[in-house]
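Everything on this sheet refers to the single structure shown next.
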Amino acid sequence: MATLFETRKLGLPLMNLIRLEGLPILKQLHLEEELFRTSKDNWCIINDGTDDPTIVMGISGKPAELLDIKPVLHDEIPVIRRFTGGGTVIVDPGTIFATFICNKEAVPGLQPYPRPIMSWSSLIYEQVFQGIGNFRLCENDYAFGDRKFGGNAQSITKRRWIHHTSFLWDYDARNMSYLRLPKRAPEYRMARDHMEFICRLKDYLPRSTFINKTVEALGTHFSLESVVYEADKDPSAIKFMPTTRQLTREELEEALSATDLENCPAQYASL
Amino acid sequence: MALRMWASSTANALKLSSAVSKTHLSPAAIFSLSRCFSSVLEGLKYAKSHEWVKHEGGVATIGITDHAQDHLGEVVFVDLPEPGGKVSQGGSFGAVESVKATSDINSPVSGEIVEVNKQLTETPGLVNSSPYENGWMIKVKPASPSELDNLLGPSEYTKFCEEEDAAH
């Protein structure tokens, strides 16, 4: 990768910054997983939008519980299972992604557990949204008041952690209909449907301002060094095999059949 | 952050009382109630990555400690390997999901996996409610029992947890 050097801030740990625009979410997640698992450096990845609407589930996500599979299949919406925990989102060009990948020692005094990492990351965004909206870390979501605009997920190993966020810059309400109300939801959601629960970041500040302020806030904690990402590697040169993957049509159809069987066993018993 | 951890530890202390009565552990079996109120059991060995191992009858039973489950929060999913696989000391063999995070679980010893706790598929919360008993994760036939000498004893692990929590 080509590198452009910025003046290193003395005393701050180094963090490589990759700024992307419209990278497909599967490629973004593969990049993140590779850097998380194989690199020894700290990284920030910002992807300003992705391409086609895509559903992304957490590591333990079950399509039958989380998705309305029939329209997902009919409309050929890709479904990805990522390597981090957390819930299900549908992402598209209106989603902005920010990811932090850090060594355990990168943030002095930070214990490598979910809640401390979440609290620390919210401090970055408190700086970003100072004076804008009523920004809060609501359980594990970023919200203005009680309306979520950013969802988080993490993965933690012995020596490193990753914390990534998808921000709802804008969204198409029709896309939300592919997602079911999850069984496990934060208390502050109070059974509200998607439209009542989420809000658009674009109603609060310009897109480029949000991204620039995020980089600026991060720059008060790390010495940032921009790195250019080369998207199309020679497949024969790829050594790392990510676990993040797109579910096959067959897997989704199987999940749908299992759901139908569960809901209408008599109908199937006669076959 | 310290206040939040204190509240979490107090909640865990309350949970610990009921866990003791449920599992009928004698007071002598609980090595100490450390400053963070997580329990540490006598007769086990501990890794700095917060897994425990009980070596008995040529089999090592492995799980995560009370300290770890308390810091992780509610466990909603446990990803474990199949029997027959190999583990290495310090290497990851699976993961738990809690509070939107997956956290690697590392094996304190090397060897072959001979049994996996299938109960955790349906009831992952056993890791929280019974980390040393029903929340066990894998059983391993140790390749080299002397590896246990590299691990921490109960008092060393207690001290390690206290120092780790005090540093943050």
Side-chain angles (χ1 to χ4, degrees), chain A residues 33 36-37 57-62 65 81-89 104-105 107-123 137-142 148 150-166 182-187 243-244, chain B residues 1-9 11-12 36 38 47-51 64-65 67-81 88-108 120-122 124-125 160-168:
Chain A
E33 198 175 346
F36 175 58
R37 291 279 179 195
M57 299 189 304
I59 191 172
S60 61
K62 296 184 176 70
E65 283 178 15
R81 183 178 282 123
R82 64 180 186 264
F83 67 104
T84 52
T88 307
V89 292
K104 219 167 75 161
E105 309 77 27
V107 180
L110 180 66
Q111 277 207 333
Y113 289 107
R115 285 175 288 210
I117 294 170
M118 194 79 71
S119 295
W120 174 81
S121 73
S122 71
L123 297 178
L137 175 64
C138 254
E139 295 179 48
N140 303 302
D141 299 331
Y142 298 138
K148 174 179 175 177
N152 300 295
Q154 302 172 349
S155 186
I156 303 165
T157 65
K158 244 186 343 191
R159 294 188 183 85
R160 286 166 77 68
W161 52 264
I162 178 171
H163 174 94
H164 56 192
T165 310
S166 58
K183 273 188 204 171
R184 222 169 15 243
E187 278 180 28
T243 59
T244 300
Chain B
M1 196 178 288
L3 183 64
R4 204 174 292 126
M5 281 177 60
W6 177 260
S8 158
S9 298
N12 189 54
C36 64
S38 297
K48 287 183 178 178
S49 48
H50 303 289
E51 293 85 11
I64 66 168
T65 66
H67 176 97
Q69 70 76 22
D70 178 51
H71 280 58
L72 286 172
E74 185 195 351
V75 173
V76 298
F77 176 71
V78 184
D79 184 22
L80 294 175
S88 313
Q89 187 176 49
S92 167
F93 67 82
V96 293
E97 185 184 356
S98 68
V99 198
K100 300 209 169 189
T102 60
S103 300
D104 273 7
I105 324 161
N106 305 291
S107 183
L120 296 182
T121 307
E122 289 303 314
F160 174 75
C161 288
E162 287 176 349
E163 285 170 357
E164 196 179 69
D165 283 346
H168 296 98

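Note: hydrogens, waters and symmetry copies are ignored here, and every other heavy atom, side chains too, is used. Letters A, B, ... mirror the listed sequences (proteins, then strands); counts begin at 1.
Taking the six-membered ring where tryptophan is involved, the planes of A:His164 and A:Phe83 are perpendicular, since the angle between them exceeds 60° and thus also 30°.
Summarising the local packing, NZ of A:Lys158 is surrounded by more than 12 heavy atoms from other residues, nucleotides or ligands at distances under 6.0 Å.
Per-residue counts of heavy-atom pairs under 4.5 Å with chain A were compared for B:Asn106, B:Val76, B:Thr102; the largest is that of B:Thr102.
With ring centers used as reference points, B:Phe160 lies under 6.0 Å from B:His50.
Using a 4.5 Å cut-off between heavy atoms, A:Thr84 touches chain B through its backbone atoms (N, CA, C, O) alone. Neither the backbone nor the side chain of B:Ser92 comes within contact range of chain A, judged by heavy atoms closer than 4.5 Å.
Heavy atoms only, all atoms of each residue included: A:Tyr142 and A:Ser121 are closest at OH-OG, 2.6 Å.
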